[in-house]
Asker: 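The structure under discussion is supplied below as structure tokens; questions concerning it will follow.
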Amino acid sequence: MLNPERYLVTSALPYANGPLHIGHLSGAYLSADIFVRFLRLMDKDVVFVCGSDENGAAITMRAKKEGIQPQEIIDKYHNQFTQAFDKMGISFDVYHRTSSELHKETAQDFFLDLYKKGVFQEIDSEQYYDEKAKQFLADRYIMGTCPKCGHTEAYGDQCEKCGSTLSPLELINPISTLTQEKPILKKTKHWYLPLNKYENWLNSFIVDGELDNTYHHDATKWKNHVIGQCKSWLDGGLQPRAMTRDLDWGVDVPHEIKDSEGKKLYVWMDAPIGYISATKYWAETNNTDWKPYWQDQDTALIHFIGKDNIVFHCLIFPSILKAKENYILPINVPANQFMNLEGNKISTSKNWAVWVNEYISDFPENIDELRYNLIKNMPEHKDSEFTWKNFQETNNNELVNNIGNFVNRVIVLTNKYYNGIVPEFDQDSMFKGVWDEDFGGFHETEILSLHDELQDLNSYLRKYEFRAALKTLMNISAKGNQLLQFNEPWKLIKEDPESVKAIMNLALQIVNVLSVVLFPFLPFTSAKLRKILNLTEITGKGELLELLDELALGELPLETGHKINKAQHLFSKIEDNVIQKQIDKLKKSHKIVDLKITEPESDNLMEKKAIKDIINFDDFAKLDLRTGTIKAAEKVKKADKLLKLTIDLGDDERTVASGIAMHYTPEEIIGKQVVLLANLEPRKIRGIKSQGMILMAEGSDGKLSFINTDMKIENGSSIN
RNA sequence: GGCGUGGUAGCUCAGCUGGUUAGAGCGCAGGAUUCAUAAUCCUGAGGUCGGCAGUUCAAGCCUGCCUCACGCUACCA
């Protein structure tokens, strides 16, 4: 599709469960916004959709924790998101929400249609059910001991301590967080999308860019890490995925379907359809038809996301659309990697982040300055890093000194020499050119070079190379500075005022060009500059296309005789103390959480591990507990968490594999006295025959500690 | 351990299907200049392209092994 008739651009739906940080912006929103603004400048038909993802168990969890209704949570974050995106200049055509009726209908229609087509596999499985609360438990409503790291407060879907993905059935001692009761296993039915059936089809879509042996898109233009991750999944073989869950907050599985009571659509069947419902909402409010944007083959669909969403948007959602039939698929998914902050990963729970709403209130006049830095460091191909120091440097050295200064010198000189009137000039005037020094400069040839430069910028943006495009923009302004420096109009004005007119006119043309191409990147600065130039604001109605045409024809976009306004600074320097304050703030808030780590995680509803069922003395007597000393310890190869220990039990010696490598190094535990459960059935772990188990106490932060005797006691002593 | 992505000047990164003395921006050093927010312009220093081996007339780019970072995954009574 070389020249699509229209574009539909999406940004990942943010989850209405916590505030936005700069990582979100640099991942899925800024890139999409630049692209969309660019398309508008080129007079393309484009719709930019997004919205809040407001369903799922995590929202009810949070509501419960804060003691308010889920609706209040989603309203709070939805409003916060709307405001943050608006202030940051993210120019969605529609920002919708998945709690709306329109979305529910859309998602349900989708599901019902797939159901009627017989796409789903109905699978009965056993799931945890809370008899007291009379409901099936979502993964998030079950807590228990993580089978992988032993963390006692792991959720049914994930252990936040070791980060592993779990299924509720794996949890040891599961507890319902609703009632603190032990849940029972009960049969439940769910509908699965047989992704395995789409494997070949997906493979040619991803690897060759072909759909049913027909060209769809240029797969070589997709980012390596996107194709790489998809291939990795495809090579591993896809499994059917449940499209429904036993949840209490979300879109109901259509009631027409048997056994659908109490079941909700899972996020796969919910969030991406939010793009479609958002488009419908946009069409309704604009009195137009949504269908061409999702069903016409001449529409280019582009998903902007972070790397965590690749599989979702490249494999699962396309499969759903394929099953639905007559929907178009993305021509590209330019996923970004992650942005780190001051040497560490951005983390919401550790409060290591620059929050968008806080930035907005701390720097209400410096929105474009943040946009600039985030674009300059956008993690397009690998993880990148934001530092406040770098933020200050790019602002002071590039925005203020390069572009801001150039614009200012031109405006000041124009006002000084020509009373703010764009001067007429002689086309034959010659001066020192900046694009092609060999031939010397004529106004006309320089304008053509400027035109070429804009074409470069244009092609970078088409390729989603936003860093390179931004650099081209800065290069135009650097050329402007050279033009002034090479020709020194402040000297020349005395000897050759006619050439100065040509030079200044050219400089003004460059400034005018900047006011247009700034629009996708720094929209607020663009508007400010247009005011200084006494021109109408750029709104994205084909202005760049028009500009390119005029330049190619040798016409002057900024007409001679036009009167500009007085000079005004586009940017101002950011001082050290301001930056230091932000760094201090970041470190301080981080520390507070550090202290908290020793307390129970605030997210956990279950404060303490429940006492287990009563056992009788005989049960206890079965345990043979012995003291022992660690004689040797070594890391088990090919396993991150395992240590192979040799325990001295006096007259006996045991080999034990223990999952403590994340907590202790082999060196530091040799010689330590421990308590061993000596009559545990031996088990082979990673090729090692493990004969027993070391007793460990686990703190609420998940830290492990050896159980020890009060005083030194001989090895092999029994414990009662 | 498996899979994926990345490891290029002090910092942040470009380097297309392998082809002459490896590039940019920032920082640094020296010089020029004053219209401009002590801004600008010029020049320069600085890299055995993560390591080792191989394929080739020729490798930053291809192959193998190793290593480090990040992500997914596995082991972890």
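We name chains A, B, ... by the order of the sequence lines, and we start the count at 1 in each one. Fair warning: this is a prediction, and the values are worked out from it, not measured in the lab.
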Asker: Donor-acceptor pair, distance only, cut-off 3.5 Å: does the side chain of A:Glu380 make one with the backbone of A:Phe466?
Answerer: yes
Asker: Pick the C1' atom in B:rA9 and in B:rU55, then give their distance to the nearest Å.
Answerer: 29 Å
Asker: So which protein nitrogen or oxygen atoms get under 3.5 Å of nucleotides 6-10 of chain B's nitrogens or oxygens?
Answerer:
from  : atom 1 : to       : atom 2 : distance (Å)
B:rG6 : OP1    : A:Asn224 : ND2    : 3.3

Asker: Would you measure the distance from the C1' atom in B:rU8 across to the matching atom in B:rG1 and give it in whole Å?
Answerer: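 It works out to 30 Å between them.
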Asker: Round to a whole Å and report the spacing from CD1 of A:Ile375 to C1' of B:rG25.
Answerer: 16 Å
Asker: Please identify each residue that fulfils side chain to side chain contact (heavy atoms under 4.5 Å, CB included) with A:Asp208, with sequence neighbours left out.
Answerer: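 Per chain and number, A:Asp208 pairs via side chain to side chain contact (heavy atoms under 4.5 Å, CB included) with A:Ser204, A:Glu210.
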Asker: Just to confirm, is there a sub-4.0 Å distance from OP1 or OP2 of B:rC35 to any side-chain nitrogen or oxygen of A:Gln485?
Answerer: no
Asker: Taking NZ from A:Lys491 and P from B:rC41, how many angstroms apart are they, rounded to a whole number?
Answerer: 16 Å
Asker: Which part of the nucleic acid, if any, lies within contact of A:Lys231, taking any heavy atom under 4.0 Å across all strands shown: a base, the sugar-phosphate backbone alone, or nothing?
Answerer: nothing
Asker: Got a sec, which residues hit side chain to side chain contact (heavy atoms under 4.5 Å, CB included) with A:Lys307, two or more places apart in sequence or on another chain?
Answerer: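 Scan of A:Lys307 (side chain to side chain contact (heavy atoms under 4.5 Å, CB included), adjacent residues dropped) gives A:Ile310, A:Gln337, A:Phe338, A:Asp383.
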Asker: Taking atom P in both B:rG23 and B:rG6, compute the distance separating them and give it to the nearest angstrom.
Answerer: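 Nearest-Å result for B:rG23 against B:rG6 at atom P: 23 Å.
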Asker: Between atom CG in A:Asp308 and atom C1' in B:rG4, what is the gap in whole Å?
Answerer: 15 Å
Asker: For A:Leu570 and for A:Gln337, find the nucleotide of RNA chain B with the closest heavy atom, then tell me which residue's nucleotide is more 5'.
Answerer: A:Gln337
Asker: In this structure, are over 12 heavy atoms from other groups packed under 6.0 Å from A:Asn419 atom CG?
Answerer: no
Asker: Does one side chain, of A:Asn224 or A:His381, offer a donor that lies under 3.5 Å from an acceptor on the other?
Answerer: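 There is no such pair between these side chains.
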Asker: Closer than 4.0 angstrom, basic N to acidic O: yes or no for A:Lys376 and A:Glu398?
Answerer: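 Yes, this pair counts.
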Asker: Do other residues, nucleotides or ligands put more than 12 heavy atoms under 6.0 Å from the CH2 atom of A:Trp233?
Answerer: no
Asker: Give the intermediate values and the outcome of side chain to side chain contact (heavy atoms under 4.5 Å, CB included) for residues A:Ser384 and A:Asn340.
Answerer: CA-CA 6 Å; A:Ser384 69; A:Asn340 295 321; over 6 Å; no
Asker: Tell me the interatomic distance from A:Leu645, atom CG, to B:rC76, atom P, rounded to whole angstroms.
Answerer: 15 Å
Asker: Check the surroundings of atom NZ in A:Lys563: do more than 12 heavy atoms from other residues, nucleotides or ligands lie under 6.0 Å from it?
Answerer: yes
Asker: Quick one: label A:Asn405 by what it contacts on the DNA or RNA (base, sugar-phosphate, nothing), any heavy atom closer than 4.0 Å.
Answerer: base
Asker: Which part of the nucleic acid does A:Phe571 contact within heavy-atom distance under 4.0 Å: base, sugar-phosphate only, or nothing?
Answerer: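 Since a base atom lies under 4.0 Å of A:Phe571, the category is base.
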Asker: May I have the step-by-step check of side chain to side chain contact (heavy atoms under 4.5 Å, CB included) for A:Asn481 and A:Arg409, ending in yes or no?
Answerer: CA-CA 9 Å; A:Asn481 271 321; A:Arg409 353 176 31 185; 2.8 Å; yes
Asker: Within this structure, what is the CD-to-P distance between A:Glu365 and B:rU37, rounded to whole angstrom?
Answerer: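 From A:Glu365 CD to B:rU37 P: 20 Å.
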Asker: Starting at the 5' end of RNA chain B, which residue's closest nucleotide do you reach first, A:Leu399 or A:Trp233?
Answerer: A:Leu399
Asker: When you compare B:rG64 with B:rU12, how far apart are their C1' atoms, in angstrom units rounded to a whole number?
Answerer: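 Straight-line distance between the two C1' atoms is 32 Å.
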Asker: Is A:Asn377 close enough to B:rC13 that one of its side-chain N or O atoms is under 4.0 Å from OP1 or OP2 there?
Answerer: no
Asker: Between A:Asn487 (CG) and B:rC35 (P), how many Å, whole number?
Answerer: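 Checked: the CG to P distance equals 16 Å.
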Asker: Take atom P in B:rG10 and the same atom in B:rA45, then report the distance between them in whole Å.
Answerer: 15 Å
Asker: I want to verify a distance call: between B:rC13, B:rC41, B:rU37, whose nearest atom is closest to the A:Ser384 side chain?
Answerer: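 Out of B:rC13, B:rC41, B:rU37, the nucleotide with an atom closest to A:Ser384's side chain is B:rC13.
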Asker: Say you pick atom C1' in B:rU48 and the same atom in B:rA22; how far apart are they, in whole Å?
Answerer: 13 Å
Asker: Separation of A:Ile206 atom CD1 from B:rG4 atom P, in whole Å?
Answerer: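 To the nearest whole Å, that distance equals 16 Å.
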Asker: Which label fits A:Trp222 and A:Phe205: parallel for a plane angle under 30°, tilted from 30 to 60°, or perpendicular past 60°?
Answerer: perpendicular
Asker: Tell me whether the count of non-hydrogen atoms from other residues, nucleotides or ligands lying under 6.0 Å of OH in A:Tyr464 goes above 12.
Answerer: yes
Asker: Within the structure provided, determine whether A:Leu25 and A:Met339 are in side-chain contact (heavy-atom separation under 4.5 Å).
Answerer: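 The answer is no, as the side chains (C-beta and beyond) never meet within the 4.5 Å cut-off.
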Asker: Check the angle between the aromatic planes of A:Phe425 and A:His443 and answer parallel, tilted or perpendicular using the 30° and 60° thresholds.
Answerer: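 Because their plane-to-plane angle is under 30°, the rings of A:Phe425 and A:His443 count as parallel.
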Asker: Would you mind telling me which of B:rC35, B:rC26, B:rU37 lies closest to the side-chain atoms of A:Glu398?
Answerer: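 For the A:Glu398 side chain, the nearest candidate turns out to be B:rC26.
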Asker: Taking the minimum atom-to-atom distance to the side chain of A:Val412, which one of B:rC42, B:rA36, B:rC26 wins?
Answerer: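 Nucleotide nearest to A:Val412's side chain: B:rA36.
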Asker: Given side chain to side chain contact (heavy atoms under 4.5 Å, CB included), test A:Leu586 with A:Leu341 step by step and report yes or no.
Answerer: CA-CA 10 Å; A:Leu586 181 68; A:Leu341 170 63; 3.7 Å; yes
Asker: Around atom CD of A:Glu495, are there more than 12 heavy atoms of other residues, nucleotides or ligands at under 6.0 Å?
Answerer: yes
Asker: P atom, B:rC28 versus B:rG50: distance in rounded Å?
Answerer: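 About 27 Å, rounded to a whole number of Å.
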Asker: If you write RNA chain B from 5' to 3' in dot-bracket form, with Watson-Crick or G-U pairs under 3.5 Å, [ ] for crossing pairs and | for pairs with another strand, what do you get?
Answerer: (((((((..((((.....[...)))).(((((.......))))).....(((((..]....))))))))))))....
Asker: Between the protein and nucleotides 62-70 of chain B, which nitrogen or oxygen pairs are less than 3.5 angstrom apart?
Answerer:
from   : atom 1 : to       : atom 2 : distance (Å)
B:rC70 : O2'    : A:Asp383 : OD2    : 3.0

Asker: How many Å lie between OH on A:Tyr418 and P on B:rC35, as a whole number?
Answerer: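 These atoms are roughly 15 Å apart.
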Asker: Contacts to RNA chain B from residues 465-472 of chain A, heavy-atom cutoff under 4.0 Å, which residues?
Answerer: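 A:Arg467, A:Lys471 - these, ordered by number, are the residues of the stretch whose heavy atoms sit under 4.0 Å from the strand.
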Asker: Taking only the P atom of each, what is the distance from B:rG44 to B:rG25 in whole angstrom?
Answerer: 13 Å
